Amino acid sequence: MSIPSSAKATPITDPRQLVAYIASGEKPRDAWRIGTEHEKFGFHWDDLRAPSYEGERGIRVLLEGIAAKHGWDINREHGMPVALLRDGASITLEPAGQLELSGAMLETIHQTCREVNGHLAEVRSVADELRMGFLGMGFQPKWTRDQMPWMPKGRYAIMRRYMPTRGNLGLDMMTRTCTVQVNLDFSSEADMVKKFRVALALQPVATALFADSPFTEGQPNGYLSYRSHVWTDTDPDRTGMLDFVFEDGFGYERWVDYILDVPMYFTMQDGNPVDVAGRSFRDFLKGKLPELPGVMPTLRDWDDHLTTTFPEVRMKRFLEMRGADGGPWGRLCALPALWVGLLYDDTALDAAWDLVKDFSMAERNALRDGVPRQALKLPFRKGTVRDLALETLKIAGHGLKRRAQANEHGVDETIFLQPLLELAQSGQTPAERKLELFHGPWKGSVDPVFREFAY
């Protein structure tokens with residue numbers, strides 16, 4: 001779902017191009033695809049520390065090894081490998097070396113799960129030789145912010161400087177969080193609006209189901225999804241529940257207005273990021289950035305700027321579901337199953353909208369603010385978020401059944417919802433299970449999490 005190469009250098013001469021760029025994401029139903037992204041923490045088996053970029057057991061060696069062994073192309077910044085590319089997918093580095101797979105655009109969740117399993121096998125085939133493992137959780141459970149390495153990407157240096165001016169936890173977001181996301185298509189502006197509203201209203205349900213970040217620096221932190229809490233103190237200009245999405249008249253133009261009001265981080269000039277943190281893209285459209293007087297933006301600049309907003313649901317030329325903690329491989333397949341079931345079947349989408357359409361703004365924000373601590377046990381109306389999750393999963397399951405996408409054994413995509421159904425029925429999140437282990441068999445140590453929950 002990246003920007004077409006032919007559009008990268010297109011100059012922006014009319015603000016209407018910004019709206020048209022978003023609208024260009026519209027696709028007929030038979031062209032809808034599923035793009036899954038997931039991040040994971042690397043660690044060395046001997047001391048559990050996050051690997052640095054350089055060194056004989058570093059991230060650079062890992063990337064080069066995966067490329068050589070499995071046929072990935074290397075993308076470099078100033079000669080240093082920072083990403084791998086192959087067949088519409090990419091492997092990229094988050095700021096502290098968290099490894100992210102941005103999957104190819106696939107038709108079914110069966111394909112997604114095969115992709116995830118294949119990726120983890122490829123990573124393991126090289127990581128094992130380096131005595132390196134990978135862990136899926138929402139927040140780094142052991143190491144402090146200062147103990148995390150930094151990857152040599154220019155944009156991260158800019159964000160590292162700017163983040164502390166906007167919130168207290170922005171650097172934690174960069175270095176100590178991991179997520180799993182799914183990117184989904186829309187057919188029209190009206191279809192986008194309905195999906196956006198349903199996805200925003202139910203994003204706290206995903207946060208609750210996937211809650212898996214109860215530790216900070218080796219101790220319980222009082223949250224079940226600390227990763228989700230981190231976003232509440234990262235940067236108010238670019239996070240949150242976007243109440244305006246539920247207002248009459250919301251559409252592409254209103255989204256563009258919102259994005260234009262988000263301060264910039266950087267612009268790429270001649271392959272190098274230029275620090276324009278805090279500047280206005282509106283001024284950029286007029287050639288009035290103090291750092292680049294007279295320089296006008298291209299659609300590549302616009303696409304880059306779209307990626308620097310971090311709300312619970314984000315629109316580029318598709319919709320991104322951003323509420324879930326990272327986790328083990330089964331839940332990496334469960335997230336796309338949840339959202340495809342809800343959003344890619346008209347009957348399910350209608351039922352999901354009926355479920356959430358009378359939520360007040362106060363209720364939506366109370367859900368978002370409450371689930372990081374209480375997850376499925378958060379009171380909501382006459383019940384709890386667990387009740388809301390069970391109804392949501394029921395709708396998603398029916399949606400997947402109607403999609404009727406079977407694998408070679410005749411099994412449909414509802415199989416991938418099973419981990420979430422078990423969580424919702426038990427009422428116990430992954431975070432609560434780990435807390436039980438911490439206070440029981442692990443005897444107050446988080447170290448066993450690296451062994452018992454590594455990929």
Side-chain angles (χ1 to χ4, degrees), residues 37-41 94 98 135-142 145 167-182 199-235 239-241 310-314 320-328 330-332 334-335 338-339 364-380 384-390 392-393 419-420 422-424 426-438 446 449 453:
E37 305 177 13
H38 81 270
E39 303 162 354
K40 47 208 167 290
F41 296 108
E94 292 299 297
Q98 306 99 307
L135 174 69
M137 285 185 71
F139 195 82
Q140 160 59 244
K142 184 175 177 68
R145 182 196 297 176
N168 294 311
L169 299 178
L171 297 183
D172 288 313
M173 179 277 291
M174 294 179 72
T175 61
R176 295 202 283 176
T177 64
C178 280
T179 186
V180 53
Q181 297 180 190
V182 63
L200 262 181
L202 290 177
Q203 209 61 217
V205 170
T207 302
L209 286 168
F210 284 76
D212 197 359
S213 42
F215 304 117
T216 301
E217 297 167 19
Q219 295 296 319
N221 53 34
Y223 292 84
L224 299 177
S225 177
Y226 190 68
R227 180 207 60 85
S228 182
H229 169 69
V230 164
W231 284 111
T232 67
D233 195 6
T234 290
D235 185 341
T239 56
M241 285 292 281
F310 310 122
E312 296 296 293
V313 177
R314 178 167 68 187
E320 296 180 345
M321 311 296 124
R322 296 176 47 81
D325 283 4
R331 291 207 304 276
L332 302 181
L335 187 80
L338 172 66
W339 292 112
R364 290 192 301 269
N365 282 281
L367 284 169
R368 193 268 170 264
D369 293 341
V371 293
R373 280 191 184 274
Q374 293 181 266
L376 295 172
K377 295 179 176 63
L378 179 71
F380 182 70
T384 63
V385 169
R386 175 177 175 267
D387 302 311
L388 185 58
L390 286 167
T392 300
L393 289 167
L420 302 184
E422 292 171 3
L423 287 170
S426 73
Q428 186 183 57
T429 62
E432 288 164 306
R433 174 60 181 147
K434 287 186 173 67
L435 286 166
E436 278 188 355
L437 293 168
F438 176 86
V446 298
V449 78
F453 290 90

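What you see is a predicted model, and the numbers here were worked out from it, not measured in a lab. This chain uses plain numbering: 1 for the first residue, then up along the sequence.
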Peer 1: Run the side chain to side chain donor-acceptor pair (under 3.5 Å) check on Arg368 and Thr207 step by step: do they pass?
Peer 2: CA-CA 8 Å; Arg368 193 268 170 264; Thr207 302; over 6 Å; no

Peer 1: Can Arg331 and Val180 be said to form a side-chain contact (heavy atoms from CB on, under 4.5 Å), step by step?
Peer 2: CA-CA 9 Å; Arg331 291 207 304 276; Val180 53; over 6 Å; no

Peer 1: Would Thr179 and Phe210 count as a side-chain contact (heavy atoms from CB on, under 4.5 Å) here? Give the steps.
Peer 2: CA-CA 10 Å; Thr179 186; Phe210 284 76; over 6 Å; no

Peer 1: For Ala211, is there any backbone N or O sitting under 3.5 Å from a side-chain donor or acceptor partner on Ser225?
Peer 2: no

Peer 1: Quick one: closest heavy-atom pair of Arg322 and Pro311, and the distance?
Peer 2: NE-O, 2.9 Å

Peer 1: Would you confirm whether Asp233, through its side chain, and Asn168, through its main-chain N or O, come within 3.5 Å as a donor-acceptor pair?
Peer 2: yes

Peer 1: Can you find a heavy atom in the side chain of Pro204 that is under 4.5 Å from one in the side chain of Arg364?
Peer 2: no

Peer 1: To the nearest 0.5 Å, tell me how far Arg227 CZ sits from Phe139 CZ.
Peer 2: 11.0 Å

Peer 1: Heavy-atom distance under 4.5 Å between the side chains of Phe310 and Asp235, does that happen here?
Peer 2: no

Peer 1: Which heavy atom in Gly330 sits nearest to a heavy atom in Pro419, and how many Å separate them?
Peer 2: O-CG, 4.3 Å

Peer 1: Would you give the length of the straight line joining atom CD of Gln181 to atom CD of Glu37, rounded to the nearest 0.5 angstrom?
Peer 2: 5.0 Å

Peer 1: For the residue pair Asn221 and Ser213, what are the closest heavy atoms and their distance?
Peer 2: ND2-O, 3.3 Å

Peer 1: Write down the atom of Leu376, the atom of Ala424, and the distance for their closest heavy-atom approach.
Peer 2: CD1-CA, 4.3 Å

Peer 1: So which heavy atom on Leu378 is nearest to which on Ala366, and how close?
Peer 2: CD2-O, 4.0 Å

Peer 1: Tell me, with the steps shown, if Gln140 and Thr175 meet side-chain contact (heavy atoms from CB on, under 4.5 Å).
Peer 2: CA-CA 8 Å; Gln140 160 59 244; Thr175 61; over 6 Å; no

Peer 1: Tell me, do Phe380 and Asp387 make a side-chain contact under 4.5 Å, heavy atoms counted?
Peer 2: no

Peer 1: How close do Gln374 and Pro379 get, heavy atom to heavy atom, and via which atoms?
Peer 2: NE2-CD, 3.8 Å

Peer 1: When Gln428 is tested against each of Lys377, Glu436, Glu422, Arg386 for side chain to side chain donor-acceptor pair (under 3.5 Å), which residue passes?
Peer 2: Glu436

Peer 1: Once rounded to the nearest 0.5 Å, what's the spacing between atom CE of Met173 and atom OG1 of Thr234?
Peer 2: 5.5 Å

Peer 1: Main chain of Thr177, side chain of Gln98: is a donor-acceptor contact present, judged purely on distance under 3.5 Å?
Peer 2: yes

Peer 1: Working note: Thr429 + Leu423, criterion side-chain contact (heavy atoms from CB on, under 4.5 Å); need CA distance, chi angles, decisive distance, verdict.
Peer 2: CA-CA 6 Å; Thr429 62; Leu423 287 170; 5.6 Å; no

Peer 1: Is Lys434 positioned over the aromatic face of Phe215, cation under 6.0 angstrom from the ring centre and no more than 45 degrees off axis?
Peer 2: no

Peer 1: Hey, does Trp231 have a side-chain heavy atom less than 4.5 Å from the side chain of Leu169?
Peer 2: no

Peer 1: Drop me the distance from Arg314's CZ to Leu200's CG, to the nearest 0.5 angstrom.
Peer 2: 13.0 Å

Peer 1: Out of curiosity, Asp369 CG to His229 NE2, how far, rounded to the nearest 0.5 Å?
Peer 2: 10.5 Å

Peer 1: Would you check if the side chain of Gln203 reaches a backbone N or O of Gly323 as a donor-acceptor pair within less than 3.5 Å?
Peer 2: yes

Peer 1: Scan Leu435, Val371, Asp212 and name whichever one has a side chain to side chain contact (heavy atoms under 4.5 Å, CB included) with Leu224.
Peer 2: Leu435

Peer 1: Quick check for you: to the nearest 0.5 Å, what is the distance between Leu388 atom CG and Leu202 atom CG?
Peer 2: 6.0 Å

